[in-house]
Amino acid sequence: QAQLMESGGGSVQAGGSLKLSCAAATYYSSSACKGWFRQAPGKEREGVATVNSVGSTIYVDSVKGRFTISRDNAKNTLYLQMSSLTPEDTGMYYCAAALGPVCLDRIKSADFRYWGQGTQVTVSS
């Protein structure tokens, strides 16, 4: 069973930056599609970005140009660099991994098998 562990969350002011990391604690396929999701209080979980093993990325429209997803396959680590943060970016951020290598155009939580416990991001105005 793959275990994913996020880190890097925190509290920042609007306009600030944060970098999230997600490390795989146990054996995990380095070729699988990986992604970041977030969930704000009272809202459904939302797909933020995905990246496949060769670095092709997909972003939800609301973060394009502000967030960058990347991965280090040798370290089995996933990253999310977030900049120009707004209060609307506040939420619990989760990393996730699919069983297969393909990242679909629409980011849906149902397509991901393994999940981390989440790291909180709070952006104040």
Side-chain angles (χ1 to χ4, degrees):
Q1 182 76 15
Q3 295 180 7
L4 304 175
M5 183 175 296
E6 304 93 339
S7 62
S11 297
V12 296
Q13 290 189 329
S17 299
L18 282 173
K19 185 173 183 178
L20 306 182
S21 299
C22 173
T26 58
Y27 168 77
Y28 181 76
S29 172
S30 62
S31 65
C33 171
K34 296 182 180 179
W36 287 97
F37 291 75
R38 65 186 179 187
Q39 188 167 18
K43 295 187 177 180
E44 292 186 356
R45 188 171 298 187
E46 172 191 35
V48 175
T50 61
V51 60
N52 66 12
S53 62
V54 296
S56 296
T57 58
I58 298 171
Y59 296 93
V60 68
D61 286 345
S62 60
V63 307
K64 286 180 180 177
R66 302 188 299 120
F67 290 12
T68 302
I69 187 172
S70 61
R71 61 193 287 169
D72 184 330
N73 292 331
K75 296 181 178 179
N76 243 345
T77 302
L78 180 71
Y79 304 98
L80 185 68
Q81 176 68 53
M82 306 183 294
S83 60
S84 301
L85 286 162
T86 73
E88 288 68 37
D89 295 315
T90 294
M92 187 71 76
Y93 282 68
Y94 301 90
C95 66
L99 284 175
V102 177
C103 292
L104 300 178
D105 289 344
R106 292 188 64 183
I107 306 172
K108 297 185 296 182
S109 57
D111 294 329
F112 289 78
R113 173 70 178 272
Y114 303 108
W115 293 84
Q117 295 299 309
T119 185
Q120 178 68 35
V121 172
T122 302
V123 184
S124 58
S125 58

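To the nearest 0.5 Å, the span separating CG on L80 from CZ on R71 amounts to 14.0 Å. In this structure, the separation between CG on L104 and CG on D111 is 5.0 Å, given to the nearest 0.5 Å. To the nearest 0.5 angstrom, E88 atom CD is 9.0 Å from S125 atom OG.
Contact annotation: the side chain of L20 never approaches that of E6 to less than 4.5 Å [non-hydrogen atoms, C-beta and beyond]. Side-chain contact between R66 and T86 is present, with heavy atoms from C-beta onward closer than 4.5 Å.
Hydrophobic cluster membership differs between V60 and I58, with clusters built from Ile, Leu, Val, Met, Phe, Trp and Tyr side chains linked at under 4.5 angstrom. Two different hydrophobic clusters hold V121 and M92 under the rule that ILVMFWY side chains link at heavy-atom gaps under 4.5 Å.
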Go through the steps for M82 and V12 under the test side chain to side chain contact (heavy atoms under 4.5 Å, CB included), then give the verdict.
CA-CA 11 Å; M82 306 183 294; V12 296; over 6 Å; no

Evaluation steps, side chain to side chain contact (heavy atoms under 4.5 Å, CB included), between Y94 and C22:
CA-CA 9 Å; Y94 301 90; C22 173; over 6 Å; no

Intermediate values then yes/no, side chain to side chain contact (heavy atoms under 4.5 Å, CB included), I107 and Y59:
CA-CA 8 Å; I107 306 172; Y59 296 93; over 6 Å; no

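Between W36 and the options T50, V51, I69, a side-chain contact (heavy atoms from CB on, under 4.5 Å) holds for only I69. Under the side-chain contact (heavy atoms from CB on, under 4.5 Å) test applied with L78, the options S70, C95, S21 reduce to a single match, C95.
The two residues K34 and T77 come nearest to each other via the heavy atoms NZ-N, 4.5 Å. Across all their heavy atoms, F112 and A98 have their closest contact at CD2-N, 3.5 Å. In terms of heavy atoms, K64 sits closest to D61 at NZ-OD1, 2.9 Å. A pairwise comparison of heavy atoms in P87 and A14 identifies CD-CB, 4.2 Å as the closest pair.
Other members of the cluster containing Y79 do not exist, because no ILVMFWY side chain is joined to it at under 4.5 Å.
In this structure, Q117 places its CD atom where only 12 or fewer heavy-atom neighbours from other residues, nucleotides or ligands lie under 6.0 Å away.
Ring orientation note: the planes of Y93 and F67 are tilted relative to one another, at an angle of 30° to 60°.
Looking at residues two or more places apart in sequence or on another chain, you find a salt bridge (charged side-chain N to carboxylate O under 4.0 Å, His left out) between R38 and E46, D89.
Remark: side-chain polar atoms of T122 are not paired, donor with acceptor, to backbone N or O of T90 under 3.5 angstrom.
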